[in-house]
Participant: 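Here's a structure for you.
Only a predicted model underlies this, so the values are computations on that prediction, with no experimental measurement involved.
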Amino acid sequence: MTDQSPVIEIRDLHKSYGELEVLKGVDISAKKGDVVSLIGSSGSGKSTLLRCCNLLEDSQQGEILFKNEPVSWRGTGLNRHPADPKQVLRIRTNLSMVFQQFNLWAHMTILQNVMEAPVTVLGRDKAEVEAKARQYLDKVGIGDKCDVYPAQLSGGQQQRAAIARGLCMEPEALLFDEPTSALDPELEQEVIKVIKDLAAEGRTMLIVTHDMKMAADISSHVVFLHKGLIEEEGAPDALFGNPKSERLKQFLSATVHA
């Protein structure tokens with residue numbers, strides 16, 4: 001029964017930047033093992049939603065729950081902020097974020113990059129973390145790159161290092177923000193393979209992506225955002241094979257012919 005409760009749940013989420021309302025009341029949830037893909041055109045609120053999940057952005061209204069535990073807030077509206085820094089840290093360390101631009105430390109080797117957060121943030125034993133880090137770098141196919149620096153790797157290898165770094169935190173879920181959009185098509189495939197393997201292992205993932213084929217292949221649920229609202233959502237077969245809304249039909253037609 002435990003596995004049926006969501007790892008992450010969003011209820012009626014609103015997010016504004018000043019006068020600009022980016023999310024206008026969004027509900028989304030991911031249970032253990034779910035792969036939820038967020039699709040939509042630029043400016044639809046996908047990345048903002050992901051950043052709100054991880055508390056990298058403050059939302060103005062609505063609830064965010066991590067394993068049934070609601071985020072506690074102080075203030076209201078544009079002055080609403082998380083009330084408990086320890087809770088924020090706990091949630092963030094359990095929702096590892098993989099960014100579009102890798103965000104690796106240039107002055108550290110790949111192994112040091114992957115080890116940094118578990119050792120300094122979680123206070124884990126260095127030798128244990130090193131063994132895990134090497135294991136995760138092997139898992140993403142760059143175990144031979146432990147001692148090189150980010151600048152010596154291709155974009156695809158850097159993104160795979162970023163995924164290993166996320167895995168080394170041993171999180172409850174992985175959040176991917178356009179993980180392949182900074183890569184050329186060949187390098188993109190290396191990263192997609194790693195993400196597919198993680199999905200096959202039953203890892204819980206929320207993925208913002210422009211790659212409709214990947215979303216169709218690996219998602220258990222797809223959410224189409226349009227102008228800050230969920231326009232349509234459902235199983236990938238239904239959403240891609242038989243879209244109901246005119247807006248989604250236009251979007252899919254444009255992405256297929258892009």
Side-chain angles (χ1 to χ4, degrees), residues 7-8 30 32-37 47 50-51 53-54 56 89-209 211 214 217-218:
V7 174
I8 184 88
K32 189 172 173 57
D34 283 353
V35 178
V36 179
S37 286
S47 291
L50 208 62
R51 292 172 71 84
C53 279
N54 207 25
L56 290 171
L89 182 63
R90 190 172 68 254
I91 290 172
R92 274 198 197 140
T93 52
N94 273 291
L95 298 173
S96 279
M97 187 101 161
V98 177
F99 297 91
Q100 183 177 341
Q101 295 296 347
F102 329 135
N103 291 5
L104 298 170
W105 297 101
H107 65 289
M108 290 182 180
T109 65
I110 294 305
L111 182 63
Q112 288 168 337
N113 263 283
V114 174
M115 290 175 61
E116 178 67 10
V119 172
T120 59
V121 178
L122 302 180
R124 289 186 182 152
D125 176 76
K126 201 168 179 180
E128 281 176 27
V129 171
E130 181 174 343
K132 282 277 182 200
R134 289 182 183 278
Q135 184 186 324
Y136 286 124
L137 284 163
D138 279 340
K139 185 187 197 67
V140 300
I142 52 169
D144 58 334
K145 304 293 183 189
C146 286
D147 300 321
V148 306
Y149 290 87
Q152 296 168 273
L153 297 184
S154 71
Q157 289 170 328
Q158 288 189 57
Q159 190 59 293
R160 286 185 281 157
I163 294 170
R165 178 183 56 189
L167 289 168
C168 205
M169 293 294 280
E170 311 211 301
E172 294 280 342
L174 287 158
L175 311 179
F176 290 91
D177 188 9
E178 297 275 17
T180 59
S181 63
L183 305 173
D184 67 42
E186 197 176 356
L187 300 179
E188 196 174 359
Q189 291 313 308
E190 301 172 357
V191 175
I192 289 171
K193 182 189 180 304
V194 170
I195 295 171
K196 282 184 176 174
D197 290 347
L198 294 173
E201 283 175 13
R203 289 186 182 267
T204 311
M205 299 193 278
L206 261 66
I207 304 175
V208 168
T209 184
D211 186 322
M214 179 173 77
D217 285 352
I218 68 171

Participant: Do Q112 and W105 make a side-chain contact, defined as non-hydrogen atoms from C-beta onward lying under 4.5 Å apart?
Facilitator: no
Participant: Any side-chain heavy atom of L187 sitting closer than 4.5 Å to one from V191?
Facilitator: no
Participant: What pairs meet the salt bridge (Lys or Arg N to Asp or Glu O under 4.0 Å) rule with one or both residues in residues 101-110, with sequence neighbours excluded?
Facilitator: none
Participant: How long is the span from the CE atom in M97 to the CZ atom in R92, to the nearest 0.5 Å?
Facilitator: 10.0 Å
Participant: With the side chain counted from C-beta on, respond yes when F102 and N113 share a heavy-atom pair under 4.5 Å apart, and no when they do not.
Facilitator: no
Participant: With sequence neighbours excluded, tell me which residues meet side-chain hydrogen bond (donor to acceptor under 3.5 Å, both in side chains) with T209.
Facilitator: none
Participant: How long is the span from the CD1 atom in I192 to the OG1 atom in T180, to the nearest 0.5 Å?
Facilitator: 5.0 Å
Participant: What salt bridge (Lys or Arg N to Asp or Glu O under 4.0 Å) pairs are there with at least one residue in residues 108-136, not counting sequence neighbours?
Facilitator: E130-R134, K132-E170
Participant: May I have all residue pairs that pass salt bridge (Lys or Arg N to Asp or Glu O under 4.0 Å) and include part of residues 174-192, sequence neighbours excluded?
Facilitator: R160-E190
Participant: Between OG1 of T109 and CG of L104, what distance do you get to the nearest 0.5 Å?
Facilitator: 10.5 Å
Participant: Of all heavy-atom pairs between P171 and G166, which one has the smallest distance, and what is that distance?
Facilitator: CD-O, 3.4 Å
Participant: Mind listing the closest non-hydrogen atom pair of L95 and C53 along with its distance?
Facilitator: CD1-O, 3.7 Å
Participant: Quick one: closest heavy-atom pair of L137 and A164, and the distance?
Facilitator: CD2-CB, 3.8 Å
Participant: Would you give the length of the straight line joining atom CE of M214 to atom NZ of K196, rounded to the nearest 0.5 angstrom?
Facilitator: 9.0 Å
Participant: Only distances under 3.5 Å count here; give the side-chain donor-acceptor pairs of residues 140-153 to other protein atoms, sequence neighbours excluded, each with its distance to 0.1 Å.
Facilitator:
{"residue": "Q152", "atom": "OE1", "partner": "Y149", "partner atom": "N", "Å": "2.8"}

Participant: Are the side chains of M169 and Y136 in contact, using a 4.5 Å heavy-atom criterion?
Facilitator: no
Participant: Would you say the side chain of L167 lies within less than 4.5 Å of the side chain of S96, judging by non-hydrogen atoms?
Facilitator: no
Participant: Does R203 have any salt bridge (charged side-chain N to carboxylate O under 4.0 Å, His left out) partners at least two apart in sequence or in another chain, and if so, which?
Facilitator: E201
Participant: Would you give the length of the straight line joining atom CD1 of I195 to atom CG of D217, rounded to the nearest 0.5 angstrom?
Facilitator: 12.0 Å
Participant: Quick one, T204 and I8 - any side-chain contact, counting heavy atoms below 4.5 Å?
Facilitator: no
Participant: Quick one: closest heavy-atom pair of P118 and C168, and the distance?
Facilitator: CG-O, 3.6 Å
Participant: For V129 and L122, run side-chain contact (heavy atoms from CB on, under 4.5 Å): C-alpha distance rounded to whole Å, both residues' side-chain angles, the deciding distance at 0.1 Å, then the answer.
Facilitator: CA-CA 10 Å; V129 171; L122 302 180; over 6 Å; no
Participant: Quick one: pull up CG in L50 and CG in L56 and give me the separation to the nearest 0.5 Å.
Facilitator: 8.5 Å
Participant: Search all heavy atoms of G156 against all heavy atoms of L183 and return the closest pair with its distance.
Facilitator: N-CD2, 3.6 Å
Participant: Can you tell which of R165, M205, Q159 makes a side-chain contact (heavy atoms from CB on, under 4.5 Å) with V98?
Facilitator: Q159
